[in-house]
Number of protein chains: 2
Amino acid sequence: MKPAALDALDRRLLDLLQQDAGRSLESLAGEVALSAPAVQRRIRRLREGGVITGEVVLVEPAAVGLPMTFVVIVELERERADQIDGFRRKAAAEPLVQQCYYVTGEGDFVLIAQARDMDDFEALTRRLLFDDPNVRRFRTSVVMGKPLRGTAVPAGHAG
Amino acid sequence: MKPAALDALDRRLLDLLQQDAGRSLESLAGEVALSAPAVQRRIRRLREGGVITGEVVLVEPAAVGLPMTFVVIVELERERADQIDGFRRKAAAEPLVQQCYYVTGEGDFVLIAQARDMDDFEALTRRLLFDDPNVRRFRTSVVMGKPLRGTAVPAGHAG
DNA sequence: CGACCGGACGCAGGATTTTTGCGCGTATTG
DNA sequence: CAATACGCGCAAAAATCCTGCGTCCGGTCG
């Protein structure tokens, strides 16, 4: 978990792996002009250094019966550290909540959530928001169309 | 790209792979009480059916020099379909923009973006927002602390 | 100025994993 | 009740990953 300074090759690898983590070491090696073991060692270092934090499969929400996406802006009654943390924990415990941002300005939290339908979402708001006395108010936006989703950060961008 | 009805095993696999896509087929097979080839065939079907849309590595933004996260709510002047699409395209072309939601209510778009620092973010807002005459106004929220990020959807949740 | 040290590389062999072909059992359909 | 289709497990083949080792480069210290 040390900083470990990334060079241009590391960044290239990060960009490639953020597009497709399934490629073979050989294929990556060819792209960055290195041998397969060298690529593997670099990737391992990036993992151990905490730069790469995981490797996951992307699932189309609609395909598993959760076609609706919501953006919820939540305002809390009091912004005490333990309450902030409490709410964050509760939100994280909800599988339908994909992302949870604690923000300045406009409200206190911004949530991104999935749901099967309106009823499903309403049940979520009840559990997470209505029943929590510390939630002052919240505003829900329904996402239309297929959103641009992603977690990729441009590693080659700067340093 | 057909619906292809998911059974309980498919859903278990999806949940497991959304946590860690790096596991061996053997290990997955043990967990769901199936043989490795059976697991592999299911995963392939899920890919071909469009349920699994990709496999990526997760990168810690701070580690590549992009420690700041922003939530931006954007209002457009006119909500004509081609303008909506135009803005969406412009946003998607910005590597720093991770997510872009077109929503009802509160503004028209919600963006999640990364940046190295305030100047970096300001440059982004200039390119994407100030210079676009179709952007009426926008509100920026800075994300504090480490947000809960993720793209995992609970496959076992419903059907 | 030269020797030492650390770090990263490529190569090659061995271990693991993935992939394919095949035969079997079960469920569905005519 | 027979025929077909689908999915499974097994076992071997193919591909990939992983490790150990020798080498090279760059910085440092005597």
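Labels below follow one simple rule: chain letters A, B, ... track the order of the sequence lines, proteins then strands, and each chain is numbered from 1.
- Taking atom CD of residue Gln40(B) and atom C1' of nucleotide dA13(D), one finds them 14 Å apart after rounding to whole Å.
- The shortest side-chain heavy-atom distance between Gln18(A) and Asp15(A) falls under the 4.5 Å cut-off.
- Residue Glu26(A) contributes atom CD, which lies 9 Å from atom C1' of dT16(D) at whole-angstrom precision.
- Side-chain N/O atoms of Thr69(B) and Arg149(B) include a donor and acceptor closer than 3.5 Å.
- In this structure, Arg47(B) pairs ionically with Glu55(B), as a charged nitrogen and a carboxylate oxygen lie closer than 4.0 Å.
- In terms of position on DNA chain D, the residue among Leu25(A) and Arg41(A) whose nearest nucleotide sits closer to the 5' end is Leu25(A).
- Sparse packing is recorded around CD of Glu26(A), with 12 or fewer heavy atoms of other residues, nucleotides or ligands lying under 6.0 Å away.
- For the pair Arg23(A) and dT16(D), the criterion of a side-chain N or O lying under 4.0 Å from OP1 or OP2 is not met.
- Whole-Å rounding puts the Asp10(B) CG to dC6(D) C1' distance at 14 Å.
- At the heavy-atom level, Ser24(A) lies under 4.0 Å from the strands shown only through sugar-phosphate atoms.
- Closest to the Ala38(B) side chain, of the nucleotides dG7(D), dC17(D), dG9(D), is dG9(D).
- Reading DNA chain C from its 5' end, the first and the last nucleotide to sit under 4.0 Å from a heavy atom of chain A are dA8(C) to dA12(C).
- In this structure, the side chains of Gln98(A) and Gln114(A) come closer than 4.5 Å at one or more pairs of heavy atoms.
- Contact annotation for Arg42(B): backbone-only contact, meaning every heavy-atom pair under 4.0 Å involves sugar-phosphate atoms and none involves a base.
- For the helix from dC1(C)-dG30(D) to dG30(C)-dC1(D), the axis fitted to the five pairs at one end and the axis fitted to the five pairs at the other end meet at an angle of 30° (nearest 10 degrees).
- When the P atom of dC8(D) is taken as reference, atom CD1 of Ile43(B) falls 12 Å away, rounded to whole Å.
- Of the listed residues (Phe130(A), Phe70(A), Phe87(A), Phe109(A)), just one forms a ring-ring contact (aromatic ring centres under 6.0 Å, His included) with Phe138(A), and that residue is Phe130(A).
- In this entry the distance linking CG of Leu17(A) with P of dC17(D) reads 11 Å, nearest Å.
- Arg126(A) CZ: 12 or fewer foreign heavy atoms inside a 6.0 Å radius.
- Using a 4.5 Å heavy-atom threshold, the side chains of Val71(B) and Thr140(B) count as separate.
- Residues Gln99(A) and Gln99(B) have side chains that bring a donor and an acceptor to within less than 3.5 angstrom of each other.
- Taking every side-chain heavy atom of Pro37(B) into account, dC10(D) is the closest of dC10(D), dC17(D), dG7(D).
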